[in-house]
Amino acid sequence: MNLPLFLKVLFIHLFAVRIVYASAGSWAYQQIETDKAWELARSRGEKITVAIVDTGLDLKSPAKLWTNPGETGLDQQGRDKSSNGLDDDQNGFIDDVHGWNFVSNSPHFSDRHGHGTHIAGIISSVAPDASLMILKYYDPKLSPEQNVQNTLKAFRYALQMKAHIINFSGGGPGANLKEEEILVKAEKANVLLVAAAGNDGMNTDLIRYYPANYPLSNILSVTALDATRKIPEYGNFGRHTVHLAAPGDQIPSQLLFGRQGEMSGTSQATAFATGVAALVMSQSDQKPKPAQLIEKLIQSGSQLETLREKVQASSALNAYRALAMKSSFESAAGFVFQNEADWDSNLFTMPSTLPVKKRLGL
């Protein structure tokens, strides 16, 4: 089996946690103009299912959970389908009401680490009406190979149960052919994968980082911004391989046992991008294809000098501009966003004509 030397390990993205009691009104939400975006939104992520492939979710989290309709209601014997011990919808999983724990192979996905809960909190704070499908894949007690296998299973489940967006914060510099095969299927099914660009402080134009850098039209690679609108030292970058930057440094969100705390990393940036993607997707009855949505998020982003040569189109996530944009660069108010006349449209797509080994960084 083809497994990379450096496998998809969550802690590559995880930095120190500092327990604080902070509100959602931090600089990060001001930077992406969440309040203004909500004024434009017809719904705040309603009818969008986001699969969070992570460490699970704290049971005290107020996040709105996705519900599997095949495992709710009563069975023929009058028992609650959510706890009758049967695979009522015959999808291969028993009582998978809100997701699945691929570590214990059970529907109980309680978070023992906190990372998944933190990510869910950020997504919910941006798109509070989005339904979160919780897919627990990571456990530090498992081998890297086992964690990779759980990642693949989680991706397959998300596709099987028709998630619209997959949020994934793991990664590494080695490509995995089976992982890419699954994500090709996701591309064909119009499922968006929002993936962390990585926390190695490296240029992914030179050293690829996966799954963020598979050459697929449905993958959005996201790096982190700090409060000064710069990429922190740990954040990966790449003019051709990183699509977008988003707040990711010292971000307050939910932790275990109902607490609040800060985490930093491209994981947190990924969660912000996922939340905005869910908001934008929810505004249309005909959901945009991932490639269209990615291009819109790039084109509507705030163009920052600090991101020049580090991110495609020097673009930083902006929820308000993403919702305001009608077509091309035209906003709902009828004006044209500034400073985009010299943008190269080729920056919005990853090269797909290169030989396979080149594209995979081999």
Side-chain angles (χ1 to χ4, degrees), residues 6-18 26-28 31-32 50 52-55 113-123 125-126 137-138 151 165-174 192-214 219-253 261-277 294 297-298 301 304 306-307 310-312 314-318 350:
F6 297 98
L7 300 168
K8 306 327 186 240
V9 179
L10 182 71
F11 288 131
I12 290 176
H13 294 285
L14 187 58
F15 280 72
V17 180
R18 181 162 62 93
S26 73
W27 64 268
Q31 195 175 96
I32 68 170
V50 176
I52 302 178
V53 181
D54 216 293
T55 64
H113 179 271
H115 187 274
T117 299
H118 199 266
I119 295 304
I122 295 171
I123 295 172
S125 69
V126 177
Y137 86 99
Y138 181 82
T151 304
I165 302 172
I166 300 173
N167 184 98
F168 184 61
S169 298
L192 173 68
L193 174 70
V194 185
N199 288 344
D200 302 296
M202 68 182 186
N203 186 343
T204 54
D205 287 353
L206 304 177
I207 303 175
R208 295 290 193 264
Y209 192 88
Y210 301 98
N213 294 154
Y214 290 119
I219 298 178
L220 174 64
S221 174
V222 187
T223 193
L225 281 177
D226 62 20
T228 67
R229 297 200 166 195
K230 296 179 181 178
I231 298 176
E233 289 185 2
Y234 56 77
N236 286 354
F237 58 94
R239 180 174 180 265
H240 299 289
T241 50
V242 176
H243 296 97
L244 202 64
D249 196 61
Q250 297 183 344
I251 303 299
S253 184
E262 291 179 354
M263 289 189 184
S264 297
T266 56
S267 294
Q268 282 61 42
T270 298
F272 274 106
T274 292
V276 174
I294 290 170
L297 293 179
I298 294 172
L304 302 181
T306 55
L307 299 179
K310 293 186 175 182
V311 174
Q312 288 189 23
S314 307
S315 188
L317 184 70
N318 188 300
M350 290 183 64

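Here, residue 1 is the first one in the sequence, and each next residue gets the next number.
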Go through the steps to decide whether Q268 and I119 satisfy the test side chain to side chain contact (heavy atoms under 4.5 Å, CB included), and finish with yes or no. CA-CA 6 Å; Q268 282 61 42; I119 295 304; 3.7 Å; yes
Residues N203, Y209; criterion side chain to side chain contact (heavy atoms under 4.5 Å, CB included); working and verdict: CA-CA 9 Å; N203 186 343; Y209 192 88; over 6 Å; no
Verify side chain to side chain contact (heavy atoms under 4.5 Å, CB included) between I231 and T306, making sure each step is shown before the conclusion. CA-CA 8 Å; I231 298 176; T306 55; over 6 Å; no
Using the rule given for side chain to side chain contact (heavy atoms under 4.5 Å, CB included), can you reason through V222 versus T274, listing the C-alpha separation, both sets of side-chain angles and the distance that settles it, and then say yes or no? CA-CA 10 Å; V222 187; T274 292; over 6 Å; no
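Here K310 contributes atom NZ and L304 contributes atom CG; the two are 12.0 Å apart, rounded to the nearest 0.5 Å. The CG atom of L244 lies 10.0 Å from the CD1 atom of I294; values are rounded to the nearest 0.5 Å. Here the straight-line distance linking atom CD of E262 with atom CD of Q250 works out to 5.0 Å at 0.5 Å rounding. Atom CD of residue Q31 and atom CG of residue N318 lie 9.0 Å apart, to the nearest 0.5 angstrom. Taken to the nearest 0.5 Å, the OG atom of S253 stands 4.5 Å off from the CD1 atom of I122.
Between T266 and A224, the shortest heavy-atom distance links the atoms CG2-N, 3.7 Å. Residue L317 comes nearest to L297 through the heavy atom pair CD1-CD2, 4.4 Å, listed as atom of the first residue, atom of the second, then distance. Closest heavy-atom contact between A28 and P247: CB-CB, 3.5 Å. The two residues I165 and V194 have their closest heavy-atom pair at CG2-CG2, 3.9 Å. The nearest pair of heavy atoms linking D249 to W27 is O-CZ2, 3.1 Å. The nearest pair of heavy atoms linking G170 to P211 is O-CD, 3.8 Å.
Side chain to side chain, N236 and T223 fail the donor-acceptor criterion of an N or O pair below 3.5 Å. The closest side-chain donor-acceptor pair between S267 and H115 falls under 3.5 angstrom.
No donor-acceptor pair closer than 3.5 Å links the side chain of Q312 to the backbone N or O of R239. Side chain of N213 to backbone of T241: a donor-acceptor contact under 3.5 angstrom is found. T55 contributes a side-chain N or O that, together with a main-chain N or O of G116, makes up a donor-acceptor pair within less than 3.5 Å. A donor-acceptor contact shorter than 3.5 Å is absent between the side chain of R229 and the backbone of D226. Checking side-chain atoms of H118 against main-chain N and O of I251 turns up a donor-acceptor pair under 3.5 Å.
For the pairing with V242, the side chain to side chain contact (heavy atoms under 4.5 Å, CB included) check across D205, V311, L307, L220 returns one residue only, V311.
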